Amino acid sequence: MLIHIIKHAPGAPGLRFLGLGPGLVPCKGIKKLQRLFNQNAFWAKNRNSKDIRKMLANSSAVLSIWDNRKLIGFGRVTTDNVYRAVIWDVVVDASYQGNGIGTLVVEAILDMKQLKNIDKIYLMTTNQKDFYLQMGFEIEKKQYLLLRKKLSMI
């Protein structure tokens, strides 16, 4: 296993436009990200490549982890660079789970210079609460998670 951690430029232009992977080599990165989501994240199934590119373009920080040319981990952040940041879409290929790849993703994100002086870093999870508690996150009891879904066209 030869692990590559890529801390992409804001908006991930290399990944977004050229599908770049390790060594700045084109390797169909968007297709691989789409596959990683579809196979490993029930909450991110069926995202299309156009929307994935838009998502990346609007991300403050993007991180991908590769085993040679196989995309095995991903995470991203949006932030105002002062007060708040939110970690989104942390996902690890199922065949690599339990090997520290998720920890690597989160630690590398938290180590990004954009997040060094942020007051609060948020994240939401459905099934991985214990993992994030081990990473130093805490359950916030003084705030509520509110959700407004996209209104359907009639």
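Just so it is clear, the structure is predicted and the values come from calculations on it, not from any experiment.
When all heavy atoms of Ser64 and Leu71 are compared, the closest pair comes out as CB-CD1, 3.7 Å. Minimum interatomic distance between Gly21 and Trp66 (heavy atoms only, all atoms of both residues): CA-CZ2, 3.8 Å. Closest approach of Ala108 and Ile5 over heavy atoms only: CB-CG2, 4.3 Å. Scanning all heavy atoms of the two residues, the minimum distance from Arg16 to Leu56 falls at CD-CB, 4.2 Å. When every heavy atom of Pro26 is checked against every heavy atom of Leu18, the shortest pair comes out as CB-O, 3.8 Å.
In summary, the aromatic rings of Phe137 and Tyr122 are positioned with their centroids too far apart to meet the 6.0 Å limit.
The backbone N or O of Ala61 sits nowhere less than 3.5 Å from a side-chain atom of Gln114 that would complete a donor-acceptor pair. Counting only distance, with no hydrogens or angles, the side chain of Asp51 and the backbone of Asn48 share no donor-acceptor pair below 3.5 Å. At least one donor-acceptor pair under 3.5 Å links the side chain of Asn40 to the backbone N or O of Leu36. A side-chain donor-acceptor contact under 3.5 Å links Thr125 to the backbone of Gln128. Checked by atom type and distance alone, the side chain of Asp67 never pairs as donor or acceptor with a backbone atom of Ile3 at under 3.5 Å. Not a single donor-acceptor pair under 3.5 Å links the side chain of Glu138 to the backbone N or O of Glu140. Remark: the backbone N or O of Thr79 is paired with a side-chain donor or acceptor of Ser60 at under 3.5 angstrom.
Applying side chain to side chain contact (heavy atoms under 4.5 Å, CB included) to Leu104 and the options Ile109, Val92, Ile65 leaves one that passes, Ile65.
Atom OH of Tyr83 is surrounded by 12 or fewer heavy atoms from other residues, nucleotides or ligands within 6.0 Å. Counted within 6.0 Å of NZ on Lys45, heavy atoms from surrounding residues, nucleotides or ligands total more than 12; the atom is thus considered enclosed. Applying the 6.0 Å contact sphere to NZ of Lys7 captures more than 12 heavy atoms from other residues, nucleotides or ligands. In Asp119, the CG atom is crowded: over 12 heavy atoms of neighbouring residues, nucleotides or ligands sit closer than 6.0 Å.
With values rounded to the nearest 0.5 angstrom, Ile87 atom CD1 is found 5.5 Å from Ile121 atom CD1. Interatomic distance, Leu110 CG to Leu115 CG, rounded to the nearest 0.5 Å: 7.0 Å. Taking NE2 from His4 and CD1 from Ile6, the interatomic distance works out to 8.0 Å, rounded to the nearest 0.5 Å. For the atom pair NZ (Lys120) and CD (Gln143), the distance works out to 5.0 Å, reported to the nearest 0.5 Å. Atoms CZ and CG, on Phe74 and Asp93 in that order, are 14.5 Å from each other to the nearest 0.5 Å. Rounding to the nearest 0.5 Å places NZ of Lys32 at 10.0 Å from NZ of Lys70.
For the pair Asp89 and Arg47, the salt-bridge criterion is met [side-chain N within less than 4.0 Å of a carboxylate O].
Between Trp88 and Thr78, the side chains place a donor N or O and an acceptor N or O closer than 3.5 Å (distance only, hydrogens not considered).
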